[in-house]
Amino acid sequence: MCGRYATTQTSATLHQAFEADLATSFVELEADYNVAPTKLAPVVIARRGDESASARRELLTARWGLVPSWAKDPSIGNRMINARSETVADKPAFKKAFAQRRALVPADGYYEWYAAQPREGEKKPAKQPFYITPKDGSVLAMAGLYEFWKDREADEWVVSFTILTTTAEDDLGHVHERMPLFLQPQAFDEWLDPAPRSTDELLGLLVPAAPGRLDAFPVSTAVNNVRNNGPELIVPIAAE
DNA sequence: CCAGACGTTGTT
DNA sequence: GTCTGG
DNA sequence: CCAGACGTTGTT
DNA sequence: GTCTGG
């Protein structure tokens, strides 16, 4: 799955990499090596332009954990951090966003916790975090959805997002059973376009990471605690 | 019909 | 809002 | 995802 | 054990 990730690029770099203008509401964020649910992170979306038929890309800051528009309380987003691609088109919490509000979630890499099989009679070993990142250092575009929620108390709109998952490929399957889905640049426009498309067509745009593209290595358990942050979290440590 | 949930992963 | 379960 | 709390009353 | 918060 994807329950923690890193996004450290400046808005200028993201602007360039995703050909996206900064939304007026965009909030400049510090490099984040430990993005956890409920935190703000940059996402790329597209809205239809007034005149041209093509949508124009925008960089927004949004809260991780999709809060459906009908929610009474934003805390429901705490358990909407991932959406299964197999069912996302039908689930009440994601259906509308899948149909109308698809997003890219820029990431340098993401974390998975590997739980080794406990040996007979022994207590289960501690989980080992791994960092999974492109070998070539490129920025990942994770497949996401976003949603608007009106905070009536504060009289403000909250933008939130979720990340789509699928079954892990063999080369990363040994770390985890599930993994996020990605988009390649040539598919960005189709994915982001809010115009109606068939579920099959949309899901066809999504790919597990190209085989061999990603590197996975163990890192310090410092990432476990959301209060820790910094480049030391993605430094490889000696494998067991 | 109304009431109540609306999600994923992992572990057992 | 919309789906599922009773 | 992991870490940390998990509760109430009354007093400051 | 299970829920909430980050």
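None of these values were measured; they are calculated from a predicted model. Lettering follows sequence order; numbering is per chain, from 1.
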A:Lys91 side chain, from C-beta outward: closest of B:dT9, D:dC2, B:dG7: B:dG7
Salt bridge check, A:Lys150 against A:Asp155: does any charged N sit closer than 4.0 Å to a carboxylate O? yes
Length of the CD-P vector between A:Glu86 and B:dG7, whole Å: 14 Å
Which of the following nucleotides, E:dG6, D:dC1, C:dG1, is nearest to the side chain of A:Ile81? D:dC1
For a side chain to side chain donor-acceptor pair (under 3.5 Å) with A:Asp32, tell me which candidate from A:Asn229, A:Thr8, A:Thr7 qualifies. A:Asn229
Whole-Å distance between B:dG10 P and A:Tyr114 OH? 12 Å
Which nucleotide in E:dG5, D:dC2, C:dC3 has an atom nearest any side-chain atom of A:Asn78: E:dG5
Answer yes or no: are there more than 12 heavy-atom neighbours, outside A:Glu86 itself, under 6.0 Å from its atom CD? yes
Just compare B:dC6, B:dG10, B:dT8 and give me whichever is closest to any side-chain atom of A:Arg84. B:dT8
Counting just side-chain N and O atoms, does A:Asn225 come under 4.0 Å of either OP1 or OP2 of D:dC2? no
Can you measure A:Leu164 atom CG to B:dT9 atom C1' for me and round it to whole angstrom units? 15 Å
For nucleotides D:dC6 and B:dC6, find the distance between their C1' atoms and express it as a whole number of Å. 25 Å
Taking the minimum atom-to-atom distance to the side chain of A:Trp70, which one of E:dG6, B:dT9, B:dC6 wins? B:dC6
Just the rounded figure in Å: distance from P of C:dT2 to CZ of A:Phe94. 17 Å
Does A:Thr162 reach a base, just sugar-phosphate, or nothing at all? Heavy atoms under 4.0 Å. nothing
Starting at CG of A:Asp73, measure out to CD of A:Glu153 and round the result to the nearest 0.5 Å. 9.5 Å
Can you check the A:Glu177 CD to D:dC1 P distance for me, whole Å? 13 Å
Checking all strands, does A:Tyr111 fall into the base, sugar-phosphate, or nothing category for heavy-atom contacts under 4.0 angstrom? nothing
Just so I know, are the side chains of A:Leu104 and A:Leu183 near enough to count as touching, which here means a heavy-atom distance under 4.5 Å? yes
For a quick check of understanding: with a heavy-atom distance under 4.0 Å over all strands, which category does A:Ala71 fall into, base, sugar-phosphate or nothing? nothing
Mapping A:Val88 and A:Ala115 onto DNA chain B by nearest heavy atom, which one lands closer to the 5' end? A:Val88
Distance in angstrom units between A:Leu66 CG and B:dT8 P, rounded: 11 Å
Connecting only ILVMFWY residues whose side-chain heavy atoms lie within less than 4.5 Å of each other, what is the rest of A:Leu40's hydrophobic cluster? A:Val27, A:Leu29
Between E:dG5, B:dT8, B:dG7, which nucleotide gets closest to the side-chain atoms of A:Ala93? B:dG7
Side-chain atoms of A:Lys127 come closest, of B:dG7, D:dA3, B:dG10, to B:dG10
At under 4.0 Å, does any side-chain N or O of A:Thr165 touch on OP1 or OP2 of B:dT9? yes
Nearest-Å distance once atom C1' is located in both B:dA5 and E:dG6: 25 Å
Quote, to the nearest angstrom, the C1' distance that separates C:dG1 from B:dT9. 27 Å
Of the listed C:dC3, B:dC6, B:dT8, the closest approach to the A:Ile76 side chain comes from B:dC6
Has A:Arg4 got a side-chain N or O lying under 4.0 Å from the OP1 or OP2 atom of E:dG6? no
Go ahead and name the base partner of C:dT4; Watson-Crick or wobble counts if both distances stay under 3.5 Å, otherwise write none. B:dA3
Output the single nucleotide from B:dT8, D:dC1, E:dG6 whose closest atom is nearest the side chain of A:Trp113. D:dC1
Nearest to the side chain of A:Arg178, heavy atoms from C-beta on, is which of B:dT9, B:dT8, D:dA3? B:dT9
With a 4.0 Å cut-off on heavy atoms, is A:Pro68 in touch with a base, just the backbone sugar-phosphate, or nothing at all? nothing
If the test is ring-ring contact (aromatic ring centres under 6.0 Å, His included), which one of A:Tyr131, A:Tyr110, A:Trp64 qualifies with A:Tyr5? A:Trp64
Taking atom C1' of B:dT8 as reference, at what distance in whole Å does atom CG of A:Leu181 sit? 14 Å
Can you check the distance between B:dG10 and D:dC2, where both ends of the measurement are the P atom (answer in whole Å)? 9 Å
Nearest whole angstrom, please: distance from the C1' of B:dT8 to the CZ of A:Arg79. 11 Å
Could you check whether A:Ser69 gets within reach of a base, just the sugar-phosphate, or nothing at all, counting any heavy atom under 4.0 Å? nothing
